[in-house]
Amino acid sequence: MDRIQLDYTHILADSIGAPHGLDEQSLMALAAPSMAALAAVQARRTTDLRWLDLPHQDEMLDEIVAYAASVRGQFENVVVLGIGGSALGPRALHTALNSPYHDSQPPADLPRLHVLDNVDPDWIGEFLAHVDPHTCLFNVISKSGSTAETMSQFLIFQKVLIEALGQEEHKRHVVVTTDGSHGVLRPIVEEEGYASFVVPEGVGGRFSVLSPVGLLSAALVGIDIRGLAAGAADMDARCKQAPFEENPALVYAAIQWLMQSEGDKNIAVTFAYSQRLRDLADWYAQLLAESIGKRLSRDGQEVFVGPTPVRAVGVTDQHSQVQLYAEGPADKWFTFLSVENSDHTITIPKAYSDRDALAYLGGRTLNDLFEAEREGTRIALTEAGRPSVDVIFPKVNAATVGQYLYMMELAVAVMGEHYGVDAFDQPGVEAGKIAAYALMGRSGFEERRQEIEASSGTTAKRI
Ligand code: PA5
């Protein structure tokens with residue numbers, strides 16, 4: 001199996017100099033606390049952190065593969081209704097592992113994938129106007145079943161389906177991924193007789209990409225989900241017990257912690273040098289932000305911690321963000337996602353050999369240029385004293401993507417130990433959800449509505 005690697009050469013003072021580089025001793029001083037953090041996380045593997053074990057759930061994989069095979073060729077569109085952890089994984093898998101032209105020119109028998117993770121009426125309205133419900137399989141994904149965005153979409157599309165297809169036939173067009181026993185959706189699944197998959201206990205939204213949340217839509221659009229699981233299992237084996245200096249998840253987590261706590265680098269930029277990996281950077285942004293951005297420490301002290309994730313795409317953002325990254329405030333560190341071997345090799349034609357500005361390109365490949373641009377950016381950042389690491393993908397395939405997903409999930413869980421916060425809750429998101437319920441008149445939230453109304457006396461300043 002191709003294995004991803006973490007290269008942290010350019011985070012070290014030896015490469016980028018002081019004061020922004022890490023001295024290797026301070027990194028190695030985190031070996032013992034990191035091993036303790038890993039043990040604390042692994043101790044919860046069979047209780048509340050069961051996402052750690054998802055790569056080994058063969059029965060779950062068999063069920064998903066069997067369902068995908070059973071509906072093969074029946075639908076032109078798979079539509080994910082979900083948000084946050086219930087949407088970013090499905091999208092990232094599709095863009096990483098299918099052709100960028102999959103949705104405009106779907107391969108025979110495979111549907112397009114739409115991930116509708118917004119309730120913007122213009123977006124949903126255009127979808128309703130352009131996509132025929134007869135051609136769609138809706139995968140409603142919500143662990144809680146109470147997320148207003150997903151549930152409002154479910155109600156809208158259920159009505160459209162029933163009107164278009166009738167009560168009985170509409171059921172064939174819905175598959176629900178939700179909690180096995182709790183929440184609002186499970187009883188609806190049973191009442192309606194929808195096909196369904198379970199978000200297992202101990203698998204939170206942003207740690208659910210390797211559960212049916214991410215894998216069902218992936219299998220439906222033709223992705224090798226066994227390959228993803230095998231990659232994740234390989235990373236599990238690499239990181240479960242390995243010593244700090246051989247453990248990419250632990251070293252990555254330690255670097256994140258040191259970059260912020262000692263280096264004042266409050267911004268963590270994932271710089272994907274791969275069009276296909278750009279949505280993995282989006283997926284990671286949520287994982288990091290929701291897990292580590294916290295007001296309270298685990299012992300209840302106000303700490304207001306957390307790195308701010310930023311996504312950038314090479315080479316595109318060289319012409320947009322890199323000026324800031326190289327010369328602006330030294331408040332960022334960088335993770336390059338680099339791909340060693342592309343699927344395509346494209347040669348730049350030789351022409352205008354008398355013009356220096358073009359002649360050097362002729363006969364070289366886009367692959368050479370892409371690599372030179374990435375290295376050029378790194379060299380510029382390194383010379384400017386801006387720390388970076390590389391996650392190197394020998395190739396982008398199911399196995400390497402599975403490894404990356406698992407490595408980052410484990411790294412973030414371990415970061416929770418370094419930062420001293422609960423990486424698995426999201427009270428700030430819940431607060432916004434509750435305010436929205438109150439504003440929408442949900443019963444049980446009347447008091448909150450009154451509080452909001454009472455505090456909305458501020459005179460608007462609008463020009
Ligand atoms: O990571 C999380 O827990 C959140 O981002 C959730 O995935 C998101 O809020 C959606 O929740 P649910 O799946 O319950 O609809």
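One-based numbering, in listed order, for ligands and for the atoms of each. These values consider heavy atoms only, across backbone and side chains, with no hydrogens, waters or symmetry-generated copies.
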Exercise. More than 12 foreign heavy atoms under 6.0 Å from CD of Glu430: is that the case here?
Worked result: yes
Exercise. Is Asn247 reaching over with its side chain to a backbone N or O of Ala242, donor-acceptor style, under 3.5 angstrom?
Worked result: yes
For this session: Would you please write out the protein residues whose heavy atoms approach any atom of ligand 1 to under 4.0 angstrom, listed by chain and number?
Result: Ile83, Gly84, Gly85, Ser86, Ser142, Lys143, Ser144, Thr147, Gly205, Arg206, Gln286, Glu290, Gln426, Lys433
Exercise. For the side chain of Thr178 and the backbone of Ser142, is there at least one donor-acceptor N/O pair under 3.5 Å apart?
Worked result: yes
For this session: Determine the sole option in Asp103, Asn98, Asn77 for which the side-chain hydrogen bond (donor to acceptor under 3.5 Å, both in side chains) test with Arg112 is passed.
Result: Asn77
Exercise. Is it true that Lys143 and Asp179 make a salt bridge, defined as a side-chain N closer than 4.0 Å to a carboxylate O?
Worked result: yes
For this session: Check the pair Lys294, Asp422 against salt bridge (Lys or Arg N to Asp or Glu O under 4.0 Å), reporting the backbone distance first and the verdict last.
Result: CA-CA 8 Å; Lys294 297 286 153 74; Asp422 182 345; 5.4 Å; no
